[in-house]
Amino acid sequence: MHQNLLLEAQHLQKYYGTVHSVEDVSLQVQQGEIFGFLGPNGAGKSTTIGMLLGLIYPTAGKIFLMGQEITPLHTRPLRQVGALVEFPAFMPDLSARANLKQLSILYPHLPTAHVDRTLEMVGLNPADKKKARHFSTGMKQRLGVAIALFNQPRLLILDEPTNGLDPAGIYELRALLHSLKEQGITIILSSHLLHEVELICDRIAVMQHGRVLTQRSIKDLTSQATETIRLTFAQPERALPVLRQHGRLRIVQVADQSIEVEGITSEEAIIYLVQHQLVPHEVHIVRPDLESIFLQLTEQARS
Ligand SMILES: Nc1ncnc2c1ncn2[C@@H]1O[C@H](COP(=O)(O)OP(=O)(O)OP(=O)(O)O)[C@@H](O)[C@H]1O
């Protein structure tokens, strides 16, 4: 097993009767990274997360946490995992501090100062007397993360943590996750907000129909995807036939003043056009974002 591998899932399957919720999922999560889990509705993300957390028993496959296999008779490594699945569970009539004080009864080995330290870690003020039921959604989410972190896990698993958050809450959550990563906590999260995933995660796995379509770093995915070049001309009708003659270039879209092409670099496009006495007014490289790559991947897998 690789030294930095914190969690490994090997060929996980989950069948509910005849429903194949998860067909074949293998994942490797490295120590210290933020790992994103993406997929359309019904792809099998929550089922996979349930299996990683020991809440759902796999029909087949293996899960290793810190090199140890998780089985019904060996769940001890799961003590190193904290989780927040969709909505946080807390006592609504207590303050954030009182909530953690209650929780601390279960962990007598932790020092009293641990309550305040955990609240500070997630950006909640230990002196705040406000009852949790009056918190904003973002604060409730922070309290949920504090509860998940209380037992000092090495791995935090968050299923759809951005659910119900407004843009400010999403921004705060992003900052919180980055700060937890800096403190050495490994994070797995699932989300439908692709732009957020792109900003938060180091690596992702894209799932569809219970299978992993790809598992790579965001950097790799976005840098290797085909880029489109948007060329703007005063007279695009002159440029169009010249571009059509190029052997490797593909015309993707033609608008009033601009032509979008793929298949060659921007430098090659400029040299080719100048050789044909055509100079574009503007050359714009359109780099695909995670959203367009995700749509491309899941579209390909569907067809
Ligand atoms: N307890 C269950 N019994 C039967 N089928 C189930 C059960 N749980 C999940 N499924 C089915 O398994 C498939 C995957 O569901 P899952 O909730 O894991 O997907 P998901 O990717 O998390 O979807 P979403 O993004 O909508 O939450 C779906 O077709 C779902 O209907």
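In each ligand, atom 1 is the first atom listed, and ligand 1 is the first ligand listed.
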My question is simple, although I want it checked carefully: is atom 31 (O) of ligand 1 less than 4.0 angstrom from any protein heavy atom?
no
Does the pair R97/D128 count as a salt bridge with the N-to-O cut at 4.0 Å?
no
Search all heavy atoms of P153 against all heavy atoms of G82 and return the closest pair with its distance.
CB-N, 3.4 Å
Is the CD atom of E282 crowded by more than 12 outside heavy atoms at less than 6.0 Å?
no
When every non-hydrogen atom of K131 is compared with those of D93, the smallest separation belongs to CG-O, 3.5 Å
Among protein heavy atoms, which lies nearest atom 16 (P) of ligand 1, and at what distance?
T47 OG1, 3.6 Å
Write out the residue and atom name of the closest protein heavy atom to atom 11 (C) of ligand 1, then the distance separating them to 0.1 Å.
S21 OG, 3.9 Å
Looking at H195 and E291, would you say the former's side chain and the latter's main chain have a donor-acceptor pair under 3.5 Å?
no
Which of parallel (below 30°), tilted (30 to 60°) and perpendicular (above 60°) describes H20 and Y15?
parallel
Min over G39, G44, S191 of heavy-atom distance to atom 21 (O) of ligand 1 lands on G44
Measure from atom 23 (O) of ligand 1 to every heavy atom in G210, S190, G42 and give the option owning the shortest one.
G42
Pick one of side chain, backbone, both or neither for how H192 approaches ligand 1, counting any non-hydrogen atom pair under 4.0 Å.
side chain
Atom 25 (O) of ligand 1: closest protein heavy atom, distance to 0.1 Å, is K45 NZ, 2.7 Å
Got a protein heavy atom sitting under 4.0 Å from atom 13 (C) of ligand 1?
yes
Does the side chain of R154 pick up a donor-acceptor pair with the side chain of Q31 at under 3.5 Å?
yes
Determine the minimum heavy-atom distance between V212 and Q215, stating which atoms define it.
CG1-CB, 4.3 Å
What protein heavy atom lies closest to atom 26 (O) of ligand 1? Include the residue and the distance to one decimal.
N41 ND2, 2.9 Å
The atoms of ligand 1 lying under 4.0 Å from a heavy atom of A43, numbered in the order shown, are 19 (O), 20 (P), 21 (O)
For ligand 1, which atoms, with element, lie under 4.0 Å from some heavy atom of S46?
17 (O), 18 (O), 20 (P), 22 (O), 27 (O)
Check whether any side-chain heavy atom of L52 lies under 4.5 Å from a side-chain heavy atom of L155, and answer yes or no.
no
Shortest protein heavy-atom distance from atom 5 (N) of ligand 1, along with the residue and atom involved:
Y16 CD1, 3.6 Å
Does any N or O of ligand 1 fall below 3.5 Å from an N or O anywhere on V19, backbone included?
no
